[in-house]
Amino acid sequence: MSETSFIPKFPASHDSLHAELRKRVQQYFDEKGINVTGTMSLFTKASLMIAGFIIVYVQLLIWTPIWYIAIPECIILGGLIAGIGFNVMHDGSHGSFSKYKWKNKLAAYSANIVGANHFMWNMKHNMIHHSFTNVDGVDDDIEIGILMRMAPTQKRMWAHRFQHFYFWVLYSMLYVFWIFFTDYQKYFSQRIGAFPLKKMNTKDHIAFWGIKIYHGFVFIALPIILVGWLPWLIGFLTMSVVSGFTLSIVFQLAHTVEGTDFPVVNESSSKLPDEFAAHQIKTTANFATKSKLVSWLVGGLNFQIEHHLFPKISHVHYPAISDIVRNVCKEYQLQYIEYPTVRRAIVAHVRFLKQMGKYD
Ligand SMILES: [Zn+2]
């Protein structure tokens with residue numbers, strides 16, 4: 001992994017690509033006379049997912065069913081954690097869930113229900129990943145440590161030649177790792193990679209520890225008391241593997257596939273090679289955009305190009321604005337990277353991992 005001890009800058013825009021994209025997308029919303037934020041269907045989906053999570057959780061603990069029913073229920077619980085993350089927490093923290101600030105806050109705080117910390121997420125995702133996508137040493141999403149090589153500038157090790165086989169295992173551990181390790185690592189070092197954390201006030205410190213205590217009680221202590229140690233362990237691991245893998249693969253399919261770029265910062269000027277919008281288009285890929293089911297489940301994260309260009313627009317509008325983005329890309333001779341199905345995107349991710357593992 002290369003070390004970047006400075007915060008990169010984007011060069012000034014000469015071709016006004018970002019301005020052109022914004023102008024045309026704004027025109028679409030003006031013509032339609034609609035808000036850029038979430039619609040009633042999104043609020044319904046969010047309520048369904050959160051209610052579903054609470055119902056399955058309570059059912060498992062109070063009327064614990066036999067194992068062959070309990071395990072599929074834990075799989076559903078894991079899927080719902082990922083679903084709440086994609087559809088509620090992610091949109092809320094970007095401020096695109098609703099036109100009302102309090103509703104966005106509430107949606108962003110849904111991260112806390114499933115045990116993650118909204119403060120850390122906001123820094124890691126909104127401020128770092130969304131600005132410096134695929135920049136080695138800065139973007140935390142491609143920093144998996146020595147176990148995986150996720151960018152051409154990272155050091156290749158012998159074991160990496162097998163990473164396209166063992167990545168499944170590591171991705172499955174994301175939830176456990178996030179809740180029990182990386183949150184604390186960020187908290188105690190007060191950094192996310194090269195980035196210092198925003199100063200935490202007393203409320204942020206209380207929230208951090210409050211969420212950790214809540215998680216320990218709701219996800220560990222209470223289930224052990226009610227269902228016993230071994231059933232809890234099996235259930236907790238099942239839920240964690242499903243949520244960890246789903247969260248990891250969806251976010252990775254958007255940036256680490258064949259065709260996406262890994263821009264390198266110019267060390268003397270601290271500048272990235274492309275302006276913001278071109279940077280986002282070159283480092284991001286869409287997948288399965290024709291599938292309404294995939295779009296519904298992953299909260300529009302399959303329209304990741306549109307999301308990176310317009311994070312404050314709710315994902316419910318991405319299918320409509322994708323044609324505008326596609327046309328602008330064509331005019332500016334930028335490749336609009338897209339995989340038609342989830343399967344093809346996974347193949348492209350596996351091929352990327354294989355290339356990173358075998359060749360310098
Ligand atoms: Zn985002």
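Order of appearance sets the numbers: ligands from 1, and atoms from 1 within every ligand. Any value given below was found using the heavy atoms of this structure, including those in side chains, with hydrogens, waters and symmetry copies removed.
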Could you tell me whether Phe188 atom CZ has more than 12 heavy atoms of other residues or ligands within 6.0 Å of it? yes
Heavy-atom neighbours of Trp209 CH2 exceed 12 at 6.0 Å: yes
Please confirm whether Lys212 makes a cation-pi placement over Tyr187, using NZ or CZ under 6.0 Å from the six-membered ring centre and within 45° of the ring normal. no
Regarding Lys203 and the six-membered ring of Phe119, is the cationic atom NZ or CZ under 6.0 Å from the ring centre and inside 45° of its axis? no
If you count the non-hydrogen atoms of other residues, nucleotides and ligands that lie under 6.0 Å from NZ in Lys103, is the total more than 12? yes
Is the shortest side-chain heavy-atom distance between Phe29 and Ile321 below 4.5 Å? yes
N, O or S atoms of the protein lying under 2.8 Å from the Zn ion (ligand 1): His90 NE2, His94 NE2, His125 NE2, His130 NE2, His307 NE2
